Amino acid sequence: MTEKNLSQKNDFIREIIRGDIAANLHEKIVTRFPPEPNGYLHIGHAKSICLNFGVAQEFQGLCNLRFDDTNPTKEDQIYIDAIKFDLTWLGFNFENNIRYTSDYFEQLYDWAIELINKGLAYVDDLSPDEMRSYRGTLTEPGIESPSRNREIAENLDLFERMKNGEFEEGKMSLRAKIDMQSGNLNLRDPVIYRIMHANHPRTNNNWCIYPMYDFGHGQSDAIENVTHSLCTLEFEDHRPLYEWFLENLSIPSKPKQYEFSRLNLSHTILSKRRLLKLIECGYVTGWNDPRMPTLAGLRRRGVPPEAIRDFVGRLGVTKSDGIVEMSYFENTVREHLNVTAQRRMAVLNPLKIVIENYPEDPQFKDELEATNNPNNEDDGFRRLLFSREIYIEHNDFMENPTKKFFRLGPGREVRLRYAYLIICKEVIKDKKGNIIELRCHYDPASRGGNSPDGRKVKGTLHWVSANHSKKATINLYNELFTEAIPGSNGDWIEDVNKTSLESLTNCFLEPSILDFKSNTTIQFERLGYFCADLNSTQENPIFNRTVPLRDTWAKKT
RNA sequence: UGGGGCGUAGCCAAGUGGUAAGGCAUCGGGUUUUGAUCCCGUGUACCGCAGGUUCGAAUCCUGCCGCCCCAGCCA
């Protein structure tokens, strides 16, 4: 499905919304994307982003970006900034709809007091350990805390003192009074406020008690008049609690929560906790390492945002959790790049060729014309300088060619793309027997790569002029994990791919490649899609491989 | 022996009682100055299993099996 018929998307969530609209339930559809600013956005978030913003767009509604900042010990302004940047890059506008759960701290506090006054919440002085043992287990009911029947007045007083900073962290907490027998552990008197003597990125030292997710989320939705609160499957059994608060509080609206399955991608991990560990342990260089499935990593790798949007759109939205093959993602990326990327030539592992019958005069200027993008005439042509000494890819030559190898070999003729037909006359080796140079002859009549007499050449090779090309470093990225599902045979960290990065430092680029900035991905013909790294300079060019071209030849051999 | 979900080809996924869409992958073939792209073709899916209802069930009922999530003062 392409983005053009986005409106045709049909999944259980959109079905529910259409039903609600038909039943005239809402004036306007409102959704929200609620990241916790404790890490960078990854492609799994992109699914939620496209769903929430997409739904709002399709039904002429609204989608708020709401930072769920209720845990100051884990959150940071740098993440808030990074999330905004990534969201904009992905192509979504939220400037007028930014919210923070911390905007509602005052209201949330009042609601907590409302709950106390209704006898539906109490201050507990159980320690975290005690609370755990009182909670029971999956199969045994919990037992009630001794504090459970504290007088309302005392609860009010204690809660006020919690707020005033009279207690240490962990000494007191505010709990909802629900049901210690419930089969749903979330309903066994969940903590709704805890003490944290921590500085908050936005409210600074105004508070030393902070609401828990369950107490903050639904009510924030209600404040924002969210109609459809879309979250992932693991929150399914939080829904009764979500509804319990809305039921028992004087809230302004009644949002509904719906859950869909989160995205799992093979050969990578989509967990902020684990991603952070990869960084901390030095397996990658940071959140924006090109191997990371983060939006920042994918961007640096050269993946266009359109491809990400299209990819998550193709997956659909369901409640069944599966694992999507990485190759599916790569294919979507190739599909976009194939039509948009300009073509250039670069040689990764150079093998020098001297064309013996080519003019030796250094003043001789031989300019050839090359198409920039066969899929887009508007990209026009460029001029390529040819010369007597060129580089081709080392593996485009075989001294003893196998039957189906149709590239260069002794006595064989191939075409140099946009240039000439050449024949290999001699193979030159060093003392160890390594091939270090080829001596060839070219056919002047084949200029442009044409075959003047109609003779067939099976191979067309990319090349670069030895004297005119620019030396560069090229990073080839492979899968971050060797296992499709990291950790399926033990510790996930053991499955980190030791060769996820191959850095080649003796590569040669056609000069015009240096004109491309890191936000433009181009194709190196016959190799793949590449883009300039963030740290690339004119003096020290560095290019990252976004994704290789499909290679059915390599596959067979 | 608790609660909540999910189970349609290798992967994603339509389907909502009338006799199994589509995409990706795979494998063939054609075109090609990128072994890319493009174009054609290619799958016996015991619709988790077993019963039942029905003229007819992936779709309804019952029972079973498998997988995922939940015992943070994380989100």
Side-chain angles (χ1 to χ4, degrees), chain A residues 1 10-11 15 34-36 38 68 70-71 73-75 124 126-128 131-133 135-142 169-175 181-188 190-196 209-210 212-214 216-217 231-240 259 261 266 272-273 314-332 334-335 338-339 343 345 370-371 374-375 404-407 414-419 421 446 448-451 457-462 484 523-528 548-556:
Chain A
M1 190 179 295
N10 197 28
D11 52 61
E15 218 162 88
E36 183 190 12
N38 67 343
D68 212 345
T70 57
N71 185 350
T73 63
K74 293 192 174 165
E75 297 150 8
D124 200 348
L126 247 33
S127 71
M131 204 177 286
R132 189 175 312 121
S133 60
R135 186 155 32 233
T137 67
L138 293 178
T139 51
E140 301 156 22
E169 290 183 11
K171 294 294 186 204
M172 299 275 176
S173 65
L174 183 69
R175 295 228 259 167
Q181 316 274 322
S182 176
N184 182 343
L185 298 252
N186 295 118
L187 263 21
R188 316 243 264 228
V191 169
I192 59 179
Y193 261 96
R194 77 295 214 183
I195 297 168
M196 284 182 147
I209 55 170
Y210 291 93
M212 297 288 288
Y213 163 83
D214 286 305
H217 204 88
C231 62
T232 43
L233 254 25
E234 66 270 28
F235 292 102
E236 251 167 338
D237 43 20
H238 287 243
R239 181 160 19 99
E259 310 84 13
S261 58
S266 78
K272 284 189 278 187
R273 205 197 92 248
R314 291 178 193 212
L315 301 176
V317 181
T318 67
K319 287 178 81 96
S320 57
D321 59 343
I323 179 152
V324 178
E325 292 167 346
M326 183 63 87
S327 59
Y328 194 10
F329 176 60
E330 291 185 346
N331 184 74
T332 310
R334 272 190 214 105
E335 210 171 285
N338 177 46
V339 317
R343 318 279 132 130
M345 292 196 283
T371 303
N375 292 321
K404 284 189 176 163
F405 183 86
F406 51 75
R407 277 115 92 154
V414 296
R415 168 169 38 239
L416 294 176
R417 182 142 229 232
Y418 298 125
L421 266 38
S446 65
N450 301 303
S451 170
V457 276
K458 272 202 279 187
T460 298
L461 312 184
H462 59 278
Q523 184 192 104
F524 290 176
E525 298 219 35
R526 301 211 307 136
L527 297 173
L549 246 34
R550 187 183 274 118
D551 188 349
T552 50
W553 160 249
K555 214 176 274 181
K556 282 176 195 160

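It should be emphasised that the depicted structure is a prediction, and the values quoted were computed from it without experimental measurement. Note on naming: letters A, B, ... go to the chains in the order of the sequence lines (proteins, then strands), and numbering restarts at 1 for each one.
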| message | Work out how far the C1' atom of B:C38 is from that of B:A57, and round it to whole angstrom. | response | 42 Å
| Between B:U16 and B:U8 - C1' atom distance, rounded Å | 14 Å
| said: In terms of relative ring orientation, are A:Phe235 and A:His238 parallel, tilted or perpendicular, with 30° and 60° separating the classes? | reply: perpendicular
| query | NA contact type, A:Thr318, heavy-atom cut-off 4.0 Å: base, sugar-phosphate, or nothing? | reply | sugar-phosphate
| task | For A:Leu233 and B:C6, give me the distance from atom CG to atom P, rounded to whole Å. | result | 8 Å
| field | Separation of atom CG in A:Asp321 from atom P in B:A13, rounded to whole Å | value | 10 Å
| Counting any heavy atom closer than 4.0 Å, what does A:Pro374 reach on the DNA or RNA strands: base, sugar-phosphate only, or nothing? | base
| Is the distance from OP1 or OP2 of B:A14 to the nearest side-chain N or O of A:Asn10 less than 4.0 Å? | no
| query | Quantified in whole Å, what is the C1' atom distance between nucleotide B:U1 and nucleotide B:G22? | reply | 45 Å
| said: If the cut-off is 4.0 Å, is A:Arg135 near the phosphate of B:G72, judged by side-chain N/O to OP1 or OP2? | reply: yes
| request: Could you work out which one of B:C74, B:C70, B:G3 sits closest to the side chain of A:Leu185? | output: B:C70
| message | Looking at every heavy atom in both A:Met131 and A:Asp124, which two are closest together, and how far apart are they? | response | CE-OD2, 4.2 Å
| field | pi-stack flag for A:Tyr213 and B:A75, centroid dist under 5.5 Å, interplanar under 30° | value | no
| said: Just to be sure I understand the rule, does A:Glu335 reach a base, reach only the sugar-phosphate, or reach nothing, if contact means heavy atoms closer than 4.0 Å? | reply: nothing
| d(NE2, A:His238; P, B:A71) in whole Å | 8 Å
| message | Over all strands shown, is A:Phe524 touching base, sugar-phosphate only, or nothing at heavy-atom distances under 4.0 angstrom? | response | nothing
| Where the side chain of A:Thr552 is defined as all heavy atoms beyond and including C-beta, which of B:G35, B:U34, B:C73 is the nearest nucleotide? | B:G35
| message | Measuring only the C1' atom in each nucleotide, how far is B:U31 from B:C39? A whole number of Å is fine. | response | 8 Å
| request: Just call it for A:Gln523: base, sugar-phosphate, or nothing, with non-hydrogen atoms closer than 4.0 Å on any strand. | output: base
| Which is true for A:Leu126 with a 4.0 Å heavy-atom rule: it touches a base, it touches only sugar-phosphate, or it touches nothing? | base
| task | Indicate, with a heavy-atom threshold strictly under 4.0 Å, whether A:Asn450 touches base, sugar-phosphate, or nothing. | result | base
| field | Length of the line joining A:Asn184:CG and B:G5:C1', which is rounded to integer Å | value | 12 Å
| message | So, does A:Arg526 get its side chain near the phosphate of B:G35, meaning an N or O under 4.0 Å from OP1 or OP2? | response | yes
| request: Classify the glycosidic conformation of B:G72 as syn or anti, calling it syn when the angle lies within 90° of 0. | output: syn
| request: Output yes when at least one side-chain N/O atom of A:Ser327 is less than 4.0 Å from OP1 or OP2 of B:C24, else no. | output: no
| field | Rounded interatomic separation in angstrom, taking CG from A:Asn186 and P from B:A75 | value | 13 Å
| 4.5 Å side-chain heavy-atom contact, A:His217 and A:Pro34 | yes
| said: When you measure from the side-chain N and O atoms of A:Arg132 to the phosphate of B:G72, is any distance below 4.0 Å, counting only OP1 and OP2? | reply: yes
| query | How is A:Met345 classified with respect to the nucleic acid when contacts are heavy atoms under 4.0 Å: base, sugar-phosphate, or nothing? | reply | nothing
| query | A:Arg194 side chain N/O closer than 4.0 Å to the phosphate oxygens (OP1, OP2) of B:A75? | reply | yes
| Atom CD of A:Glu259 and atom C1' of B:C68: how far apart are they, to the nearest Å? | 14 Å
| request: Would you please confirm or rule out a distance under 4.0 Å between OP1 or OP2 of B:A75 and any side-chain N or O of A:Thr70? | output: yes
| query | Under 4.0 Å between a side-chain N or O of A:Ser320 and OP1 or OP2 of B:A13? | reply | yes
| query | Using the P atom in both, what is the distance from B:A21 to B:U62, to the nearest Å? | reply | 29 Å
| With a 4.0 Å cut-off on heavy atoms, is A:Arg343 in touch with a base, just the backbone sugar-phosphate, or nothing at all? | base
| message | Students often get this wrong, so: under 4.0 angstrom with heavy atoms, is A:Gly322 touching a base, only sugar-phosphate, or nothing? | response | sugar-phosphate
| task | Give one of base, sugar-phosphate or nothing for A:Lys404, where a contact means two heavy atoms less than 4.0 Å apart. | result | base
| message | Base, sugar-phosphate or nothing for A:Phe235? Non-hydrogen atoms, less than 4.0 Å. | response | base
| request: Round to a whole Å and report the spacing from CZ of A:Arg417 to P of B:G35. | output: 8 Å
| Expressed as a whole number of Å, how far does the C1' atom of B:C24 sit from that of B:U42? | 15 Å
| query | Hey, are the side chains of A:Thr70 and A:Met212 touching, using non-hydrogen atoms and a 4.5 Å cut-off? | reply | no
| query | Are any of A:Arg334's side-chain N or O atoms less than 4.0 Å away from OP1 or OP2 of B:C38? | reply | no
| message | With nearest nucleotide decided by heavy atoms, which residue, A:Pro128 or A:Phe405, maps closer to the 5′ end of RNA chain B? | response | A:Phe405
| Any side-chain heavy atom of A:Asp214 within less than 4.5 Å of one from A:Ile192? | no
| task | Select base, sugar-phosphate, or nothing to describe what A:Glu325 touches, counting heavy atoms under 4.0 Å on all strands. | result | base
| task | Provide, to the nearest angstrom, the distance between the CZ atom belonging to A:Phe406 and the P atom belonging to B:U32. | result | 13 Å
| query | Partner of B:C74 by Watson-Crick or G-U wobble geometry, both contacts under 3.5 Å, or none? | reply | none
| remark: Result for 5'-nearest mapping on RNA chain B, choosing between A:Glu169 and A:Ser446, is A:Ser446
| request: Look at the side chain of A:Leu138 and decide which nucleotide, out of B:G35, B:C73, B:G2, has an atom nearest to it. | output: B:G2
| note | Any strand, both distances under 3.5 Å, Watson-Crick or G-U wobble: B:G18 pairs with B:C55
| request: Please assess A:Thr460 against A:Arg417 for the test side chain to side chain donor-acceptor pair (under 3.5 Å), listing each intermediate value before the final yes or no. | output: CA-CA 6 Å; A:Thr460 298; A:Arg417 182 142 229 232; over 6 Å; no
| note | By the Watson-Crick or G-U definition, both distances under 3.5 Å, B:G7 is matched with B:C65
